[in-house]
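See below for the structure under consideration.
The model shown is predicted, which means the values in this text are computed figures rather than measured ones. In what follows, residues are counted from 1 in the order of the sequence shown.
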Amino acid sequence: MHVGNLYATQKKTVISFEFFPPRDEKAAGTFDTVVDTLAQLAPDYMSITFGAGGSTREGSYQAVNKLLVEKKIPTVAYLAGFGLAPDEIRRELDRYRELGVETVFVIRGDKPQDPNFKPHPESFSYASEMITFIKRHYDFCLGCAGYPEGHIQAQSLEADIGFLKQKQDNGAEYVVTQYCYDNDVFFRYVEKCRSAGVSIPIIPGIMPVYTLKLTQMLSKICGTTITDEMQRGLDQLDATDKDAVIDFGVDFAVEQCRGLLKKGVAGLHFYTMDRSRSTKAILTHLREENLI
């Protein structure tokens, strides 16, 4: 499945779900249940993340195999190349190609938390370099990440958009963005990208509120602003009332998706965190309103 063509020729909103590979046997059972539940919503594709420094490379491979080969679900494989030697990247890409993967989502990835981790001296410093390398050796469709509020390590939003333009010029065919909770921020970002010459599809990432603790933690890690409107809603919630928190997250995400869809985004990419309830509820609401 060539995701770049999917977005370029789409006649309806492209819906996609992201998962991380299960880390143990118990999580594997939950993963299967979640995937099967969300597969009933007929997404256009699912994607599997790849841990920092290749820490989940085997788990990621097995998860892609399960979705693509066993469950026959169109699947995108992530590849995070930080610290990996070019030969290691080629081995992973060869394995994915043998599975039948056609689209790879390329990110630099974060430095592993393991203090003993030593990056290979020939590892790539930027995703744009990886994209050039992959294009030289393979015919995968390549996706890349964008950051509406700027990458947390970027000198400025404008500099970050310059790097995105380079990813496009080196062969990336579509962008999925880091989530943000303000649609105006997303659309201003798209405008700036277009002005800078980025012409490939830019797809918003959607991160529902799953728990108050997780929302606050991810906001700090990702550099995502919790809007005043969202914070007022969060302040009224009891963190121990899990149902109320999830319901708030669903309602907020539905409203955000309404605004995105009404302005014609080509797709919605849901960060499921390997959970099904929220994403299922959001899509059910949007379909009842004939928005997707």
- request: Please check if atom OH in Tyr126 has more than 12 non-hydrogen atoms from other residues, nucleotides or ligands closer than 6.0 Å.
  value: no
task: Report yes or no: does Gln168 contribute a side-chain atom to a donor-acceptor pair with the main-chain N or O of Gly197 at less than 3.5 Å?
output: yes
- prompt: How long is the span from the CD atom in Glu122 to the CZ atom in Phe124, to the nearest 0.5 Å?
  reply: 8.5 Å
task: Tell me, yes or no, whether the heavy-atom count around Lys71 atom NZ, taken from other residues, nucleotides or ligands under 6.0 Å, exceeds 12.
output: yes
From Arg258 atom CZ to Asn183 atom CG, the distance as rounded to the nearest 0.5 Å: 12.0 Å
- request: Go through the steps for Arg91 and Asp94 under the test salt bridge (charged side-chain N to carboxylate O under 4.0 Å, His left out), then give the verdict.
  value: CA-CA 5 Å; Arg91 280 197 293 272; Asp94 288 344; over 6 Å; no
task: Mind running side chain to side chain contact (heavy atoms under 4.5 Å, CB included) on Phe20 and Ile48 for me, showing each step along the way?
output: CA-CA 5 Å; Phe20 51 83; Ile48 299 292; over 6 Å; no
- prompt: So Leu38 and Thr279, side chain to side chain contact (heavy atoms under 4.5 Å, CB included) or not? Walk me through it.
  reply: CA-CA 8 Å; Leu38 293 181; Thr279 300; 4.1 Å; yes
task: Work out which heavy atom in Thr227 is nearest to a heavy atom in Tyr181; give both atom names and the distance.
output: CG2-O, 3.7 Å
- prompt: What pairs with Glu229 under salt bridge (charged side-chain N to carboxylate O under 4.0 Å, His left out), at least two apart in sequence or on another chain?
  reply: none
message: When you measure from the centre of the six-membered ring of Tyr61, is the NZ or CZ of Arg95 closer than 6.0 Å and no more than 45° off the axis?
response: yes
field: From Tyr96 atom OH to Ser60 atom OG, the distance as rounded to the nearest 0.5 Å
entry: 5.0 Å
- prompt: Crowded around Lys12 NZ? As in, over 12 foreign heavy atoms under 6.0 Å?
  reply: yes
- prompt: For Cys257 and Leu268, which heavy atoms make the closest approach, and how far apart are they?
  reply: SG-CD1, 3.9 Å
Least distance between heavy atoms, Ile152 atom then Ile221 atom: CD1-O, 3.5 Å
query: In terms of the angle between their ring planes, are Tyr174 and Tyr7 parallel, tilted or perpendicular, with boundaries placed at 30° and 60°?
result: tilted
message: Has Ser219 got a side-chain atom pairing as donor or acceptor with Thr215's backbone, closer than 3.5 angstrom?
response: no
message: Under a 3.5 Å cutoff, is there a donor and acceptor pairing between the side chains of Glu18 and Tyr78?
response: yes
task: May I ask you to decide whether Glu173 forms a salt bridge with Lys135, counting only side-chain N to carboxylate O separations under 4.0 Å?
output: yes
Nearest atoms (heavy-atom pairs only) where Leu164 meets Cys144: CD1-SG, 3.7 Å
query: Can a cation-pi geometry be assigned to Arg275 and Tyr210, taking NZ or CZ under 6.0 Å from the six-membered ring centre and within 45° of the ring axis?
result: yes
message: As an exercise, state the distance from CE of Met273 to OG of Ser278, rounded to the nearest 0.5 Å.
response: 11.5 Å
task: Mark yes or no for whether Gln10, through its side chain, and Leu6, through its backbone, hold a donor-acceptor pair below 3.5 Å.
output: no
query: Is the closest basic N to carboxylate O distance between Lys66 and Asp32 below 4.0 Å?
result: yes
Flag side-chain contact, heavy atom, 4.5 Å: Asp243 against Phe248: no
- request: Give a yes or no answer on whether the side chain of Thr224 reaches the backbone of Lys220 with a donor-acceptor pair at less than 3.5 Å.
  value: no
- prompt: How about Gln178 and His151: does a side-chain donor come under 3.5 Å of a side-chain acceptor?
  reply: no
Sole candidate of Val76, Leu93, Val106, Thr103 that passes side-chain contact (heavy atoms from CB on, under 4.5 Å) when paired with Phe140: Leu93
message: Looking only at the side chains, is there a donor atom on one of Gln40 and Asp36 sitting less than 3.5 Å from an acceptor on the other?
response: no
message: Can you confirm whether the side chains of Asn170 and Thr132 place a donor and an acceptor under 3.5 Å from each other?
response: yes
message: Between Lys165 and Asp169 (salt bridge meaning N to carboxylate O under 4.0 Å), is one present in this structure?
response: yes
message: Show, in sequence, the C-alpha distance, side-chain angles and deciding distance for Phe186 and Leu260, and conclude whether the side chain to side chain contact (heavy atoms under 4.5 Å, CB included) test is met.
response: CA-CA 9 Å; Phe186 173 78; Leu260 292 166; 3.8 Å; yes
- prompt: Charged N to carboxylate O below 4.0 Å: is that the case for Asp247 and Lys242?
  reply: no
message: Once rounded to the nearest 0.5 Å, what's the spacing between atom CG of Leu291 and atom NZ of Lys262?
response: 6.5 Å
message: Donor-acceptor check, side chain of Tyr147 to backbone of Thr177, threshold 3.5 angstrom: yes or no?
response: no
query: If you look at every heavy atom in Ile131 and Ala172, which pair is closest and at what distance?
result: CG2-N, 3.8 Å
task: Kindly say whether Ala154 contributes a backbone atom to a donor-acceptor pair with the side chain of Asp160 at under 3.5 angstrom?
output: no
field: Carboxylate-amine/guanidinium proximity below 4.0 Å for Glu191 and Arg194
entry: no
message: Closer than 4.0 angstrom, basic N to acidic O: yes or no for Glu88 and Arg57?
response: yes
Electrostatic pair Arg90-Asp87, nearest N-O below 4.0 angstrom: no
Heavy-atom check, side chain of Tyr179 versus side chain of Cys222, under 4.5 Å: yes
message: Test of understanding: with salt bridge (charged side-chain N to carboxylate O under 4.0 Å, His left out), list the residues that count as partners of Arg287, not counting sequence neighbours.
response: none
Nearest-0.5 Å distance, OG of residue Ser16 to CG of residue Asp44: 7.5 Å
- request: Report yes or no: do Thr225 and Glu149 form a side-chain donor-acceptor pair below 3.5 Å?
  value: yes
Side chain to side chain contact (heavy atoms under 4.5 Å, CB included) evaluation trace for Phe17 with Val35: CA-CA 9 Å; Phe17 303 147; Val35 167; over 6 Å; no
statement: For Ala145 and Phe105 the tightest heavy-atom approach is N-CZ, 3.6 Å
- prompt: Just by distance, do the side chain of Thr75 and the backbone of Ile73 share a donor-acceptor pair under 3.5 Å?
  reply: yes
